[in-house]
Amino acid sequence: MWRGPAGTGVCRETGVPWEWSQEENVLWTAEIPAWGNSTPVVWRDRIFLTTQDDQNDLLLICLSKTDGRTLWSRKVGNDEAPREAPRGRQKFHALNNLASPSPVTDGRFVAAHFGNGDLAVFDMEGSLQWKRNLQADHGPYSIWWGHANSPVIVGDLLISVCIQDSLADLQERPSVSYVAAHDLKTGRPVWFTERMTGAEKEHGDAYTTPLVRAVDGGVEVIVMGAEQLDAYDAATGRQVWVLPGLVGNRVITGPTLEDDVVYSTIGMRGPVFAARIGGSGKLPQERILWQYSSNTPDCPSPVVCEGLLFIAGDNGVAQCLDVANGEMCWRERMGREFKASPITAEGRVYFLDTSGRCTVVEAAREYRPLAVNEIPDRMLASPAVSDGKLFLRGRDRLYCIGREAAP
């Protein structure tokens, strides 16, 4: 799924390469139709990704992990990504198109979601199981810069979120933000929960993907955006707890989680914060353990490793914070622009910038760079890892990075 099995950007695998170039450790590359910013997701020998081609076809593509050849490609829909629209109708940022939500799979089914609301589930061989459109079901998207939330799978449920401008100042009946669950196999609606936070205009927008957290007796789905952090019972859709008062603009930076602490950003380049979660009902503001306000990210999500929080500012500056108190350990410029979220593997942190330059550093309180790797390509999608191989999505190619066997 988005940001790996736990949605946190933390890789538990071994043998992951940290040095490569166009000539070294690139096991294969595969051409993909047109572009999208969704992360590739992997199940055993298969890679799934979405794209929007030059004819505006919305595609789910299955590739071989062994050599990158296309095993199958399915058209989910066809639609444009409008670049100009009045408030009340979503328009897409120049960096974004309809293929920004990442697919998700559990090894039985693979789900693809697109920014026009198309939501479809296929089996692993590419047979369509069901399809519906969430705009048709629940009303037009009113998010300002193009819907991009990725769905998650919890057991037999596919759970989606929509967090958007309520338009409460423009219309009598506000546009609804929500969390919704469908039966993964059939598409039958299971539950629908409105998520109206009171955030106004662009402050009501969020492009984040939920976190899934196992708790005693069940599973929580944690959602960040529209000036609050909250959790829902995955089986029923009931709100379990809420931390309100996170006042700031729209949220792109997704939350991450370690143990019972969530790390996220309050609004557009607002403070990064740590909050202790759990319990029920309205959580007090004392649950916020610390905040850090200098050079925080707009797009990239944070990642935790070795008791440290690593963040990538959109301006190319990376930072390391102590998770205990939010104090900065180091700050370094690594590139011109970050949009992809950093990941960790084997005590290393990978920072991928938009030019295809990936700086790998040791997950340590002191700045210890290990390698600077470059594959010139436009890269906004976050990296994925499987079986010790790193998958990087460029503008129109997918790169498989691995350790080449000695001759």
Side-chain angles (χ1 to χ4, degrees), residues 1-2 16-17 20-81 92 94-105 110-116 118 120 122 124-126 128 148 150 337 339-341 343 350 352-358 373-404:
M1 59 178 285
W2 156 244
V16 182
W20 65 88
S21 67
Q22 286 182 288
E23 295 77 28
E24 180 186 11
N25 288 337
V26 177
L27 303 184
W28 53 258
T29 70
E31 186 174 358
I32 50 180
W35 64 287
N37 295 331
S38 58
T39 294
V41 301
V42 186
W43 186 274
R44 294 185 179 173
D45 62 347
R46 301 190 172 202
I47 303 170
F48 301 96
L49 54 83
T50 57
T51 189
Q52 180 177 8
D53 70 15
D54 294 337
Q55 288 73 48
N56 290 321
D57 285 344
L58 308 178
L59 305 175
L60 173 65
I61 302 171
C62 177
L63 306 175
S64 166
K65 189 170 73 176
T66 303
D67 55 18
R69 61 191 169 88
T70 298
L71 300 178
W72 51 261
S73 178
R74 299 292 181 264
K75 177 180 174 180
V76 175
N78 179 280
D79 214 335
E80 295 184 5
F92 286 78
L95 296 177
N96 188 25
N97 69 4
L98 297 177
S100 284
S102 298
V104 60
T105 182
V110 55
H113 181 45
F114 293 89
N116 68 336
D118 280 344
F122 296 81
M124 301 300 277
E125 302 305 318
L128 179 66
S150 303
E337 184 181 37
K339 295 299 179 185
S341 298
I343 65 169
Y350 295 66
L352 177 66
D353 78 4
T354 56
S355 72
R357 176 177 178 171
C358 186
N373 310 293
E374 297 194 50
I375 296 180
D377 201 339
R378 184 73 167 156
M379 295 187 182
L380 279 73
S382 298
V385 180
S386 176
D387 287 338
K389 298 178 179 62
L390 187 68
F391 298 93
L392 305 180
R393 180 178 187 168
R395 188 69 169 187
D396 57 7
R397 301 197 73 83
L398 182 66
Y399 301 83
C400 175
I401 313 298
R403 294 182 181 176
E404 296 178 331

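As the structure is a prediction and not an experimental result, all values here were calculated from the model.
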Thr105 side, atom OG1; Ile47 side, atom CD1 - distance, nearest 0.5 Å: 12.5 Å

Side chain proximity check, Ile401 to Ile375, heavy atoms < 4.5 angstrom: yes

Sub-4.5 Å side-chain heavy-atom contact between Phe48 and Val104: no

Pro101 and Trp2, any side-chain heavy atoms less than 4.5 Å apart: no

Polar side-chain atom of Arg393 near backbone of Pro40 as donor-acceptor pair, under 3.5 Å: no

Asp79 side chain near Asp118 side chain, heavy-atom distance below 4.5 Å: no

salt_bridge(Asp387, Lys65) N-O dist < 4.0 Å: yes

Donor-acceptor pair, side chain of Asn78 and main chain of Gln55, under 3.5 angstrom: yes

Test item: Ser150 side-chain N/O and Ser102 main-chain N/O as donor-acceptor pair under 3.5 Å: yes

Qualifying salt bridge (charged side-chain N to carboxylate O under 4.0 Å, His left out) pairs with a residue from residues 22-41, counting only residues at least two apart or across chains: none

Contact check, side chains of Leu71 and Met124, non-hydrogen atoms, under 4.5 Å: no

Ser382 side-chain N/O to Thr39 backbone N/O, donor-acceptor pair under 3.5 Å: no

Side-chain donor or acceptor of Asn373 paired with backbone N/O of Trp20 under 3.5 Å: yes

Interatomic spacing from CG in Leu63 to OG in Ser73 - rounded to 0.5 Å: 9.0 Å

Of Asp377, Asn25, Thr29, the residue whose pairing with Tyr399 passes side chain to side chain donor-acceptor pair (under 3.5 Å): Asp377

Exam field: side chain Gln52 to backbone Asn97, donor-acceptor pair closer than 3.5 Å: no

Trace of the salt bridge (charged side-chain N to carboxylate O under 4.0 Å, His left out) decision for Arg74 with Glu125: CA-CA 11 Å; Arg74 299 292 181 264; Glu125 302 305 318; over 6 Å; no

Close side-chain approach of Trp72 and Arg46, heavy atoms under 4.5 Å: yes

Flag, side chain of Thr51 to backbone of Trp35, donor-acceptor distance under 3.5 Å: yes

Closest non-hydrogen atom pair, Ala112 against Thr50: CB-CG2, 4.0 Å

Test item: Met379 and Asp353 side chains (from C-beta on) under 4.5 Å apart, heavy atoms: no

Heavy-atom neighbours of Glu80 CD exceed 12 at 6.0 Å: no

